[in-house]
Each structure stands twice: as C-alpha cells, then as structure tokens.
Amino acid sequence: MSISTLAMNLSARVVPMQWQIKAAHLAQKTLDRIGLAAKIPEFVESPLPDVSTLAIEDIDVSNPFLWRQGLWGSYFKRLRDEQPVHFQKNSPFGPFWSVTRFDDILFVDKHHELFSAEPIITLGDQPAGLAIETFIAMDPPKHDKQRQAVQNVVAPKNLKEMESLIRQRTQEVLDNLPVDQPFDWVSSVSIELTARMLATLLDFPYEQRRKLVYWSDVAAASPETTGGQVERDEFFPVVAEVAQAFSQLWRDKAARQNAGEEPGFDIISLMLNNEDTKDLIHRPMEFLGNLALLIVGGNDTTRNSMTGGVLALNKFPQEFDKLKSNPALIPNMVSEIIRWQTPLAYMRRVAKVDVELNGATIRKGDKVVMWYASGNRDERAIDNPDDFIIDRKGARNHLSFGFGVHRCMGNRLAEMQLRILWEELLERFDRIEVQGEPEYVQSNFVRGYTSMMVKVSNKNRS
Amino acid sequence: MGRMTFIEHDGTRHEVEIEADKSLMQHAADNMVPGIDADCGGECACGTCHVIVDHQWFAKTGAINGNEKQMLEMTPEGAPTSRLACQIEVTDALDGLVVHLPEFQM
Ligand code: HEM
Ligand code: FES
C-alpha cells in the first residue's frame, strides 16, 4: 500500500472520500505547475506505416491507433511469426514485452507466481496521485479473498434470478427501435443495454443509469494508462463524483438493512453481508476499486461484443443465414463473437523473477503484456482464425476471458446477456444491416466502437 | 476395460468406457457428456471441468495440487469432494467411478 493510500484510508473516517480525491487532484496540479509531475504522453493520430516496412525492434503495438486504423492484424501476425515474445524498449509507456502466441499467453496467465498483476493491468500506470486498489491487480492470497467476497453477485445461481429481468429490459429496448431507418446501434442498443444491466447489478437509481457508463468510460481512458483521450482535469472530478455516489449508495443500503429490510441480490448488499468486505467503506481506495472494477469490467466489454456481433455477421453474411435457419447455434455463436471481437486487447503483468519464454529472457521487474487479441488469431491454435464461424468447433477455447486465478468473473453474465440479446433479435428482425464503417475507439486496451449506424427490418413485413 | 458414470444435475446418467492415457475431462468430452465446458482444454486454468466425486471414490482420484485447489476455491458450486476433471488421470483402478456434475460451471 502506498503512503498516500494509507493516508487516505486513515482519514476516511473523518474526511469524505470525494474531498480527499479533490485534494489529490490539487496536489497533482501543483506538481505539474512546478514541473515535478510525471509527463503524460500526448497522442496525435497520423497514418501508421505498413508493418513490412519496419525493423522488428521498431514495432510498437502499444500505439492506440493500431485498432482504429485496422492494422493490428498485420502487426501482430508479424510478431507471432518472427518474434513471438518481443521487446519494445522505448514506447510512450516505457519498455515492455509482448507475448503474442496462444500457448505462451496461457502460460503467463497461469503462472501468477512468476508474473504479478500488481500494481495495475494496463500498459501504462494509473494517473499519478490516485492508487485505486482492485483485485484484478492483486496477487494471491489477497486477490482470492477479495474475489470470493463479491463473486456470488455474478455466480450462475444469482444470474438465474436476474435472467427474466434482463430479458424484459432487453425486450423494451428492442421494441422501441426505429424500423427501416438508420440509427446508431452503439448508443441505442449496446450502451443502453449495458447501462440497464449495470444498474440492475448495483441496484443503482435506474433513471441515472447512463452515468455508470460515462464514469466507467472515463475511468478506462486516460492517456497514460491506455492511450485514451480523457484529460486529467476530467478524470479527477469524475472519480470524486463516483466516490460520492457510491458512498451514498452504500450508506443508504446499510441504513435500510439496519432498519430490517431484506438484503437484495445486488453487489452492495452482498458486500455489506460479507465479513471481509463489510467495513470496506473505511478503505476508500479499495472500496472504489472494487465497485469500479465491476462497472468497468462489465461496461466496455459486453457493449463492444454487442456491436461486434452485428458487425461480424455483416462481414460474414452467410453466417447470418446459418443463424436464422438454426437459432440453436446462438450459445456457440456468442463464444465466437467474444473471440472474434476480443473486447480487451491484453492484460499486463510484471515478472517476479527472470523467466525464459519461447527463446526470450524476461528479466525480473520487466513489464509483460499478454496480447489476447493476437492469441485469438494465432493460426497455431485456431483454424482460420480471421474467419467468423458461428458453428466453430471448440469455440469456447478462446483467450478473451483470460485464464488462471484472474479469469473473468463476469464471463457467465456476459454470455447470458449476449445470448438473450440474440434470442430477442431473431424473434423480431429479419435483417440488421450495417450502414458504412463504424467508428473505432482510441485505445491500446479497449477494442471498441464509438458509433455504428445500422438499419433493421421487421421479420413479419419483409 | 472398465466403465465410469457421470450423473448430471437433473439425474441423467452417462456411462463411459475407460480408455488409456486420457484424463476424466477428455473422457467426458469424447463421449459428449454435457455440462463440462473445459474452456482451457485441460490446463487447470479455467475451472469449467468441475465435478463432484462420489464420497467413496474421492481418495482414489489422487492428490490435489495447489493450482487445482486455487481454481476450485473460485467456484461457488464447490463441495468437499470437488475436483477438476482435467486433473484426474484415469486408470483401470477407477473402474466403477461415479462423479456428479454441478448445476453450473463457473
Ligand atoms: C465479453 C465480456 C467480457 C470480457 C471479454 C472480459 C474480459 C476479462 C478479462 C480478460 C479479464 C482478466 C483475465 C485475466 O487476467 O486472466 C477479466 C477479469 C474480470 N472481469 Fe471481465 N470481461 C467481460 C465481462 C465482464 C462482466 C460483465 C463483468 C462483471 C459484471 C466482468 C468483471 C470482471 C472482474 C471482476 C474481473 C477480475 C477478476 C479477477 O481478477 O479475479 N467482466 N475480464
Ligand atoms: S479444462 Fe480448464 S480447468 Fe480443467
């Protein structure tokens, strides 16, 4: 735990969390002014070169425009073929290793005793002055304890309770879509559905649900962590707002429970009733971290799979025909969508000891990036990996959820949401046509879309 | 050759024949026993090949190493005789083995 975190935890009992965050922001601004703060990289987009023109050591896959410019496929293929464990020594995020083949990624993910998830799992570090603690970035045994405390909220038993509510909320969204005229799928379907799901998980005020999406978008997109576009002056106020809203939510729940109300199935009720987490409010950086992890983890990822699935079926139209003639393929297709999209490009580790990996010597303390996006297109592990095949054999054997102790906690929830979405879409629409090219997110971490125009036609009329 | 039985959560039974050099997970996969996903393909890294071994057979399924224990702790469906099927080596000594499938794989 850093000194500043310790100080925040100690003062948590007397000073509201959001003030402490404002103070951290001010301190950071002061450091900036006197020239002491770490430099934040600036990213200005320009066309990237064809990978075949680069020397292998100059390939920098941390570039946040690689995805947007559609070049990630060729860049990673070259690394997989020529230097599967590759070192880039001067990226804007510092030196780092890229692990690009399926089997090597699995090896790194499995061996938490060799590769630490601390202090953070993005390429760059967290914005200075704010060391939020989350179990995705903790090693065992602390990780295991914290995960066990919250995982029941997304365990299949709880999901069964939530399924009909999620279906009903999905139906409402689809029934209100404009038919035979273009609209933005990202905003009207993907974001709206994930916001509804997150509000359900947190028992968050339903009318304010889009705030959850905005907050987690900001949290995941600072330039120094992922090459995103959020300014520090936007980041800190949002964190303060989140802290305030979640503290409020927590205190309200606690008060209602003390007054005798039955605890619900939502995450805060579960945390309030678990020995390890019932005092979490007194450890603000951990409190914020755990809630932020759930909303960030469940936000971009599911949203971009909802968009990615429609895009994939438009790029591979024969698969849409296959789907319509056999809707029983939906669960298999859901796995294939999650592989094809790979919503999170990577997770980062730090070597705890020197490790030999596929011919490379990784030194203790080096950053190691497991590129799931590359492993999911590794010809050595997956047949015709660039094709989207809804009845692919072994479709579940993909890397998108990671493996080992950090394997995605929300994977069943994500699959359920996507399955419900496609079941309800097939009930209603005969065609879902993408109009033009979607717009892509600027990030080296999130493989997402900011907008995608589509036109749907009703089943019965056409 | 011996036989083993998988019992689904709803009581459906699946008998399979023991084949040499295959894990219990592979036996399930090759015989299309539903309810075992095996997302990591047998690497002890996903936890989706969880089975609950019949009490009297538990000791015969072998030792549980640290990795398996850790993955098992993460499933909310866990029971005292839980195992990951990919970590159980099948030999003729398991002739007659009975395992139960959990309601959900996590
Ligand atoms: C298609 C959708 C999703 C994808 C692709 C995805 C991907 C991932 C990945 C790659 C990891 C890290 C795995 C590793 O380090 O080995 C992870 C962890 C996690 N995810 Fe997801 N995720 C998705 C949906 C969700 C949802 C819906 C939630 C929750 C509501 C969620 C919550 C989490 C949490 C809490 C962790 C941390 C687990 C740990 O460290 O033990 N995810 N996810
Ligand atoms: S198949 Fe993944 S843990 Fe057994």
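To find a chain, count down the sequence lines: A is the first, B the second, and so on, and within it residues start at 1.
In this structure, A:His398 and B:Asp39 have side chains that are not in contact, with every pair of non-hydrogen atoms separated by 4.5 Å or more. Counting only heavy atoms from C-beta outward, the side chains of A:Asp144 and B:Met74 never approach each other to under 4.5 Å. Using a 4.5 Å heavy-atom threshold, the side chains of B:Gln70 and A:His143 count as separate. In this structure the side chain of B:Glu103 never reaches within 4.5 angstrom of the side chain of A:Pro156, judged on heavy atoms.
Heavy atoms of B:Met106 lying under 4.5 Å from chain A belong to its backbone as well as its side chain. Neither the backbone nor the side chain of B:Ala29 comes within less than 4.5 Å of any heavy atom in chain A. Within the 4.5 angstrom heavy-atom criterion, only side-chain atoms of A:Leu106, from C-beta onward, approach chain B.
B:Thr48 OG1 to A:Phe401 CZ: the interatomic distance, rounded to the nearest 0.5 Å, is 11.5 Å. Considering CZ of B:Phe104 and CZ of A:Arg412, their distance stands at 10.0 Å, rounded to 0.5 Å. Interatomic distance, B:Glu43 CD to A:Asp109 CG, rounded to the nearest 0.5 Å: 11.5 Å.
Applying the salt bridge (Lys or Arg N to Asp or Glu O under 4.0 Å) test to every pair with at least one member in residues 87-97 of chain B, sequence neighbours left out, gives no pairs at all.
When B:Ala38, B:Pro76, B:Cys40 are compared by the number of non-hydrogen pairs under 4.5 Å with chain A, B:Cys40 comes out ahead.
Taking 4.0 Å as the cut-off between side-chain N and carboxylate O, A:Lys145 and B:Glu73 do not count as a salt-bridged pair.
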